[in-house]
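Just so it is clear, the structure is predicted and the values come from calculations on it, not from any experiment. Each chain gets a letter, A, B and so on, in the order the sequences are listed, and its residues count up from 1.
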Amino acid sequence: MANQNKKRELLRRHGLMLAFAVFLLATAFYAPTFLSPGNVFDIIRQVSISGTIAIGVTFVVITGRLDLSVGSMLTLLTVVMVDQHNHVGPAMAILITLLSGAAIGGLNGLLVGYLKLNALIVTLAMLSFLQGVTLFYSGGSNVNVTDSKSTWFAFFGRGDLLGIPAPVLIFLVTTLVASFFLLKTNFGRRIFAVGGNETASLFSGIQTSKVVFLAYVLSGLATALAAIIMGSRVMGAQNTIGQGYELTVLAGIILGGTSLMGGSGTIWRTVLGISMLGFVQNGLLLLGYPYYVQWLVTWMVIILAVWVDLAAKRGKVFA
Amino acid sequence: MNNTTTSAQAFENSAQPKMIRRTLLMLAEHYIWVFLSLSLLLFSLLSPYFLTLNNMSNLLTQSAFIGLLAVGMTLVMINGEIDLSVGSTLALACALAIGLQPSIGVWPAIIVALGSGALMGLINGTILALSGMHSFIVTLGALIGIRGIVFIYTNESALMVEDFSYTELVEVYVGPVSLTALVFLGFAAFFQWMLTWTKHGREAFAIGDNAKSAHEAGIRVKRHKVINFVLCGTMAAVAGVLLSMRLGTAEPNAGEIWELWAIIAVVLGGTRLQGGWGSVWKTVGGVLTLSVLRNGLSLLNTPNYIELMVMGLVLVLALVTDKVLGFGHSK
């Protein structure tokens, strides 16, 4: 019995990795370029935007809340980043973008954390509201970086350091810093506590409202980082540039095994989840499937991954 | 919870006569109708074109699509679940209704389209029941996957109807009310009746309120949930077929983020995400309020962004209203 439990736990922990490894090998067999360093860097470069956001949103999800506003927020912040770049220069623009991200996240946090409003609805409202703000700010037209050839801002999306593309580097550093915060600081432990049992954490003296508030601020900051990468990569911004990102981000987090009920989850599993989506999508394209087949596969992968996780947890396939 | 007692006490302690107090309470509980009347009044004063028979008829027709999604969503949300895939299901039904016409004829195509909605609901409901997953995850997956199917089926381009007499099928009016609006209101009435007067309806509330005790009381929780998901998917398909008739085309990204509008309408109507509470009539109120705001704002020539911001604000306002009033069912 104990042995069986151990097996089950192993399956739960590493089953996803195993399936992923099989997929990687099988795809590489049929499409040899799949695992070439160039292609792998390309995939991670693509993943780095949604991945950076997902790291921030993971904090929110561990507290047992949701953030659906990150897609709209990414659009707005990219537009702000690119537009301000033309007005006040890259350094100030980056600062403004980060501050705006923190402020919008803070607004979410205020409504959800302190006013105790439903997170799903609040961030849904924010999704719509921020779309409005974006159109108001940009006047409905696309913005472009005027001196895209000469600005050092190009580094974040296009440059590289020691052979590693800058977006990948930013993604990596964010992962490490976020993991450190979540695992090694008081703040991180409080995040888990609030998600695990809110009433209990309140009674043990944790300021739950503040913890939730800060989680949303982090989500906003991560989105601002992603907006910097996005703005630099595209050197411009349309009013729909971030549309749908909230779904990709959530899909990655769910795939990583973070429970939407809160209280559990790790940064590296989110990174794994979102990278897996990236690899699967890229692999399907290399194998010659039409683009939208990836969406169908994403659906199946999400259902299967979560189901296997649940089944292993309760030791039964069906609920 | 504190909120509840304090506001209840405030009402108790106030020196107002009983009649006024009761009226106030009733108004507060039905705030969506107050909201709707106020916005009707506001736009009637602001624009001479607003309160015309033509515009009202138009407004009703426009509201029917989100309305049908919202009616189905209400059932699912009373169960304490959510369906994020309705926008994609709508697009699928829309594409099938138009795409299948040349090969199998108009009416069979419509039937297949409606069936596809029911099937998608059945898939969602069955996965939910068998796996015990959160409906948010199940239907988030479906949102992405079904949209993928639509893009693959339509080959990523809009399908056009070949015989335009198809679009005249819905050009039927009873007085100023279009057939599309009638279908919406008809289904709303039917489901309100179902919720109030049938076993399935009453048990839906019990499940949403406390699934565990409902189960222990002998209610077949999973079966009820599957039924409601099928109904919700079917409603989305009805909206999709009506949309295909109105437009004569099927865009692969039709109905994108409409699930959000539907949720907004349902929440405005006072149905709780936690389940166990809600009414289809109030959802209709929420749908109409949204339509009045959108229609009114566009008549006033306000730029698009104002509309989006107002929607966000209204939604938060609805939440705050609900919270502050907190009628003994706060959370």
Toward chain B, the part of A:Leu130 with a non-hydrogen atom under 4.5 Å = neither

ask   = Do you see a donor-acceptor pair shorter than 3.5 Å between the side chains of A:Tyr216 and A:Asp67?
value = no

request  = Please look at B:Ile123 and chain A and tell me whether the side chain, the backbone, both or neither of the residue comes under 4.5 angstrom of a heavy atom of that chain.
outcome  = side chain

message = Any side-chain to backbone donor/acceptor pair from B:Arg272 onto B:Gln274? Under 3.5 Å, distance only.
response = no

ask   = If you take all heavy atoms of A:Gln294 and A:Leu285, which pair is closest and at what distance?
value = NE2-CG, 3.6 Å

request  = Return the minimal non-hydrogen interatomic distance between B:Thr271 and B:Met77, and the atom names on each side.
outcome  = CG2-CB, 4.1 Å

query = Who among B:Leu143, B:Leu273, B:Leu84, B:Val267 has the most heavy-atom pairs with chain A under 4.5 Å?
reply = B:Leu273

query = Which of the residues A:Val122, A:Leu135, A:Val297 is involved in the greatest number of heavy-atom pairs with chain B at under 4.5 angstrom?
reply = A:Leu135

ask   = Under 6.0 Å from the six-membered ring centre of A:Trp299 and within 45° of its axis: does the NZ or CZ of B:Arg147 meet both?
value = no

message = Please classify the contact of B:Leu319 with chain A as side chain, backbone, both or neither, using a heavy-atom distance under 4.5 Å.
response = both

Atom group of B:Glu156 that falls short of 4.5 Å from chain A, counting heavy atoms = side chain

Chain B contacts, top residue of A:Gln243, A:Arg314, A:Met261 (heavy-atom pairs, under 4.5 Å) = A:Arg314

ask   = Side chain, backbone, both or neither: which part of A:Ile121 has a non-hydrogen atom closer than 4.5 Å to chain B?
value = both

key: Contacting region of B:Ile146 [heavy-atom separation from chain A under 4.5 Å]   = both

key: Test item: B:Thr302 side-chain N/O and B:Leu297 main-chain N/O as donor-acceptor pair under 3.5 Å   = yes

inquiry  = Evaluate B:Thr74 against B:Thr283 for side-chain hydrogen bond (donor to acceptor under 3.5 Å, both in side chains), listing each step before the verdict.
reply    = CA-CA 7 Å; B:Thr74 309; B:Thr283 293; 2.9 Å; yes

inquiry  = Quick check on B:Leu260 against chain A: is it the side chain, the backbone, both or neither that has a heavy atom closer than 4.5 Å?
reply    = both

note = Looking only at A:Thr248, A:Thr134, A:Leu115, A:Leu296, most heavy-atom pairs under 4.5 Å shared with chain B are made by A:Leu296

ask   = Given the options A:Leu127, A:Val301, A:Leu68, A:Asn118, which has more heavy-atom pairs under 4.5 Å with chain B than any of the others?
value = A:Asn118

key: Note, B:Met120 side chain near B:Thr139 side chain (heavy atom, < 4.5 Å)   = no

query = Which of the residues B:Ile137, B:Val316, B:Ile82 is involved in the greatest number of heavy-atom pairs with chain A at under 4.5 angstrom?
reply = B:Ile137

Selection from A:Ile302, A:Ile254, A:Thr298 maximising heavy-atom pairs under 4.5 Å formed with chain B = A:Ile254

query = Between A:Trp307 (side chain) and A:Val317 (backbone), is there a donor-acceptor pair under 3.5 Å?
reply = yes

message = Report which part of A:Val293 has an atom under 4.5 Å of a heavy atom belonging to chain B: side chain, backbone, both, or neither.
response = both

inquiry  = Using only atom types and a distance under 3.5 Å, with no angle test, would you say the side chain of B:Ser279 pairs donor to acceptor with the backbone of B:Lys282?
reply    = yes

Top of A:Gly132, A:Gly244, A:Ala311 for chain B proximity - count of heavy-atom pairs under 4.5 angstrom = A:Gly132

